[in-house]
Enquirer: 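Take a look at this one; I'll ask things after.
What you see is a predicted model; the values in this text were computed from it and never measured.
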Amino acid sequence: QVRLVESGGGSVQTGGTLRLSCTVTATSYADYHTVAWFRQAPGQEREGVAMIWKYNDKTFYMDSDSLKGRFTISQDASKKVFYLQMNTLRPEDTAMYYCAASPHLRRTLHSPDFEYWGQGTQVTISS
């Protein structure tokens, strides 16, 4: 079983920054082979933001093309905390942000492929 807890959300003005954290509790690292961030705004579909996965002892990163490099996913040395650094925030970034994980190797931000989800943390950007 994998438990994910997000934190770091809040309200900032346009152009500001936030760093979200996702703390993972699991029996082993294999339980969360791939970790990703998604977001969902009211009335909209869930959207993939960024993901990180391990393959052959290497770590790979990917973020959504639509974000144009403003968001970056990373992990700490313990590999139990994952971050989403969000820069140059815009009102359209306002959403609930979710951390998700899968014990399998995933290479696309397809939300049905992720078995474990956190409760989310709200991000609100004001103009």
Enquirer: Looking only at heavy atoms, which two atoms of Val2 and Ala26 are closest? And how far apart?
Expert: CG2-CB, 3.9 Å
Enquirer: Quick check: closest heavy atoms across Tyr32 and Ala101, and the distance to 0.1 Å?
Expert: CB-CB, 3.9 Å
Enquirer: Using the ring of each side chain (for Trp, its six-membered ring), is Trp117 parallel, tilted or perpendicular to Tyr98, with breaks at 30° and 60°?
Expert: perpendicular
Enquirer: Quick check: closest heavy atoms across Arg39 and Ala95, and the distance to 0.1 Å?
Expert: CB-CB, 3.9 Å
Enquirer: I'd like to know if the side chain of Arg106 and the backbone of Asp113 have a donor-acceptor N/O pair within less than 3.5 Å.
Expert: yes
Enquirer: With distance as the sole test, does Thr34 use its side chain to make a donor-acceptor pair with the main-chain N or O of His104 at under 3.5 Å?
Expert: yes
Enquirer: Taking all non-hydrogen atoms of both residues, which atom of Cys22 and which atom of Trp37 are closest, and how far apart?
Expert: CB-CZ2, 3.5 Å
Enquirer: Can a donor-acceptor pair be found, under 3.5 Å and without considering hydrogens, that links the side chain of Thr121 to the backbone of Gly9?
Expert: yes
Enquirer: Is it the case that the side chain of Thr23 and the backbone of Val81 share a donor-acceptor pair, with hydrogens and angles ignored and the cut-off at 3.5 Å?
Expert: no
Enquirer: Looking at Tyr83, is Arg19 sitting on its ring face, NZ or CZ under 6.0 Å from the six-membered ring centre and within 45 degrees of the normal?
Expert: yes
Enquirer: Measuring from atom CE of Met96 to atom CD of Gln40, what distance do you get when rounded to the nearest 0.5 angstrom?
Expert: 9.5 Å
Enquirer: Could you see if Val5 belongs to whatever hydrophobic cluster contains Tyr116? Use Ile, Leu, Val, Met, Phe, Trp, Tyr and a side-chain cutoff under 4.5 Å.
Expert: no
Enquirer: Do Val12 and Val123 sit in one hydrophobic cluster, given that two such residues count as connected whenever their side-chain heavy atoms are within less than 4.5 Å of each other, even indirectly?
Expert: yes
Enquirer: Would you find a donor on one side and an acceptor on the other, under 3.5 Å apart, between the side chain of Glu6 and the backbone of Gly120?
Expert: yes
Enquirer: When you compare the side chains of Ser126 and Gln13, does any donor N or O come within less than 3.5 Å of an acceptor on the partner?
Expert: no
Enquirer: I want to check something: taking the side chain as every heavy atom from C-beta on, are Trp53 and Arg107 in contact at a cut-off of under 4.5 Å?
Expert: yes
Enquirer: Using a 4.5 Å cut-off on heavy atoms from C-beta on, say whether the side chain of Phe82 contacts that of Met51.
Expert: no
Enquirer: With a 4.5 Å heavy-atom cut-off, do Asp93 and Arg70 have their side chains touching?
Expert: yes
Enquirer: Can you measure from CE (Met86) to OG1 (Thr17) and round to the nearest 0.5 angstrom?
Expert: 8.5 Å
Enquirer: Tell me the closest heavy-atom pair linking Ala36 and Leu109, and the distance in Å.
Expert: CB-CD2, 3.9 Å
